[in-house]
Amino acid sequence: EEVLEMILADPEKMWLKGHKNDATILFADIRGFTAYAEEREPEEVVEMLNTYFEIATRAIMDYGGYVDKFIGDGVLGVFGVPVFRKDHVERAVRTALDLMDQLHMRSIHGNPLLSSVGIGIHTGPIVSGNIGSQVKMEYTVIGDTVNLASRLSELAAPGEVLVTETVFDRLRALVSVEPAGTRTIKGKIASVETWRVTAIKQRAYVKSTD
């Protein structure tokens with residue numbers, strides 16, 4: 001809603017035409033979804049996906065992020081643009097842990113596949129703006145930061161939140177982590193140190209507009 005309001009208020013603003021900023025990217029997708037979909041009726045698959053997307057969308061928005069897009073069974077959440085909040089890294093990690101808790105509870109009382117989501121988070125420079133053609137245009141984010149978060153989500157085990165060293169460095173005083181190994185990431189020359197986030201310190205936290 002915030003993005004829509006900004007576009008309607010000033011459609012010609014330069015950030016819509018392309019801008020470079022620091023942001024935090026959260027990618028979440030379901031492990032084993034292809035096999036699940038092949039064994040079930042289309043109506044059941046769509047219902048499960050919509051439940052998952054609804055939970056993920058609400059979690060991302062609750063912490064001041066926005067859902068950039070759905071890609072198959074994946075969700076791309078963005079924190080820090082176009083609405084800047086200085087604690088965008090913390091917001092993304094809190095979203096991930098909150099989302100995992102919600103999905104776990106729903107899996108107990110409903111579809112167990114909802115507990116099979118893996119999440120990857122990275123923070124860094126991204127390019128954002130309106131990208132597309134005259135037929136279809138969308139506000140989105142691109143760049144190495146986005147790609148790395150996507151690769152991490154692919155490596156994450158079911159129920160796991162994987163973050164990079166950059167994310168961990170920003171939140172050392174807040175998060176509990178376990179080493180998740182040095183990973184070889186497609187498209188990256190150097191290996192990437194990864195961490196598994198297990199908890200984050202509780203504090204008075206006003207969601208969305210804090």
Side-chain angles (χ1 to χ4, degrees), residues 1-7 16 23-83 88 91-107 110-123 126-133 135-163 207-208:
E1 293 178 358
E2 288 175 305
V3 176
L4 177 60
E5 289 172 2
M6 294 172 75
I7 293 173
L16 284 172
T24 302
I25 305 298
L26 180 156
F27 254 103
D29 61 14
I30 303 174
R31 300 292 167 270
F33 175 76
T34 300
Y36 171 88
E38 289 176 349
E39 298 172 354
R40 287 163 176 80
E41 294 299 317
E43 295 84 357
E44 185 179 351
V45 173
V46 170
E47 181 180 0
M48 191 280 291
L49 268 182
N50 285 341
T51 298
Y52 160 57
F53 287 148
E54 180 65 31
I55 296 170
T57 297
R58 180 47 54 192
I60 291 168
M61 292 179 64
D62 277 348
Y63 287 94
Y66 84 94
V67 177
D68 183 284
K69 59 173 64 73
F70 302 127
I71 308 169
D73 60 300
V75 181
L76 168 55
V78 184
F79 299 79
V81 295
V83 181
H88 56 84
R91 287 174 178 271
V93 174
R94 287 190 183 277
T95 297
L97 294 175
D98 192 351
L99 175 56
M100 286 301 197
D101 286 344
Q102 292 186 55
L103 291 173
H104 177 68
M105 292 304 298
R106 290 296 289 268
S107 71
N111 193 317
L113 193 67
L114 291 176
S115 64
S116 299
V117 172
I119 294 178
I121 300 174
H122 183 46
T123 190
I126 55 92
V127 173
S128 59
N130 269 349
I131 296 174
S133 68
V135 176
K136 178 175 174 59
M137 185 78 67
E138 66 177 0
Y139 179 80
T140 191
V141 292
I142 58 174
D144 184 64
T145 298
V146 181
N147 295 337
L148 182 49
S150 175
R151 298 297 183 190
L152 278 188
S153 75
E154 295 171 0
L155 295 172
E160 187 174 54
V161 178
L162 281 185
V163 302
K207 293 182 179 180
S208 190

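Computed from a predicted structure; not experimentally measured.
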Checklist entry - How far apart are the C-alpha atoms of L103 and I55, what are their side-chain angles, what is the distance that settles it, and do they pass the side chain to side chain contact (heavy atoms under 4.5 Å, CB included) test? => result CA-CA 8 Å; L103 291 173; I55 296 170; 4.0 Å; yes
Indicate the atoms forming the closest heavy-atom contact of [X] with [Y], along with that distance.
X: A56; Y: V75; answer: CB-CG2, 4.1 Å
X: L99; Y: A59; answer: CB-CB, 4.2 Å
X: V117; Y: M100; answer: O-CE, 3.1 Å
X: A23; Y: I126; answer: CB-CG1, 3.6 Å
X: S115; Y: S107; answer: CB-OG, 3.5 Å
X: T145; Y: I25; answer: CG2-CG1, 3.9 Å

Checklist entry - Counting only N and O atoms by type, is there a donor-acceptor contact under 3.5 Å from the side chain of S150 to the main-chain atoms of V146? => result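 No, S150 side chain to V146 backbone: no donor-acceptor pair under 3.5 Å.
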Checklist entry - Quick check: does any side chain N or O of R40 sit under 3.5 Å from a backbone N or O of V45, one acting as donor and the other as acceptor? => result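 Side chain of R40 to backbone of V45, a donor-acceptor pair under 3.5 Å: no, none is there.
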Next on the checklist: Would M48 and L114 count as a side chain to side chain contact (heavy atoms under 4.5 Å, CB included) here? Give the steps.
Outcome noted: CA-CA 8 Å; M48 191 280 291; L114 291 176; 3.9 Å; yes
Looking at [atom1] of [X] and [atom2] of [Y], how far apart are the two atoms once the value is rounded to the nearest 0.5 Å?
X: F79; Y: R91; atom1: CZ; atom2: CZ; result: 8.5 Å
X: I119; Y: L152; atom1: CD1; atom2: CG; result: 12.0 Å
X: E160; Y: L155; atom1: CD; atom2: CG; result: 9.0 Å
X: L113; Y: L49; atom1: CG; atom2: CG; result: 9.0 Å
X: R106; Y: T51; atom1: CZ; atom2: OG1; result: 5.5 Å
X: T57; Y: D62; atom1: OG1; atom2: CG; result: 10.5 Å

Checklist entry - Do L97 and V161 come close enough that some side-chain heavy atom pair is under 4.5 Å? => result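 Counting from C-beta outward, L97 and V161 do come under 4.5 Å.
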Checklist entry - Mind checking what makes salt bridge (charged side-chain N to carboxylate O under 4.0 Å, His left out) contact with D29, not counting sequence neighbours? => result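 Partners of D29 by the salt bridge (charged side-chain N to carboxylate O under 4.0 Å, His left out) criterion, ordered by chain and then number, come out as R31.
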Next on the checklist: If you count every heavy atom of other residues, nucleotides or ligands that lies below 6.0 Å from E54 atom CD, does the total exceed 12?
Outcome noted: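 Atom CD in E54 is not packed in, count stays at 12 or less.
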Next on the checklist: Under the ring-ring contact (aromatic ring centres under 6.0 Å, His included) definition, can you give me all pairs with a residue in residues 24-55, not counting sequence neighbours?
Outcome noted: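 For residues 24-55: F53-F70.
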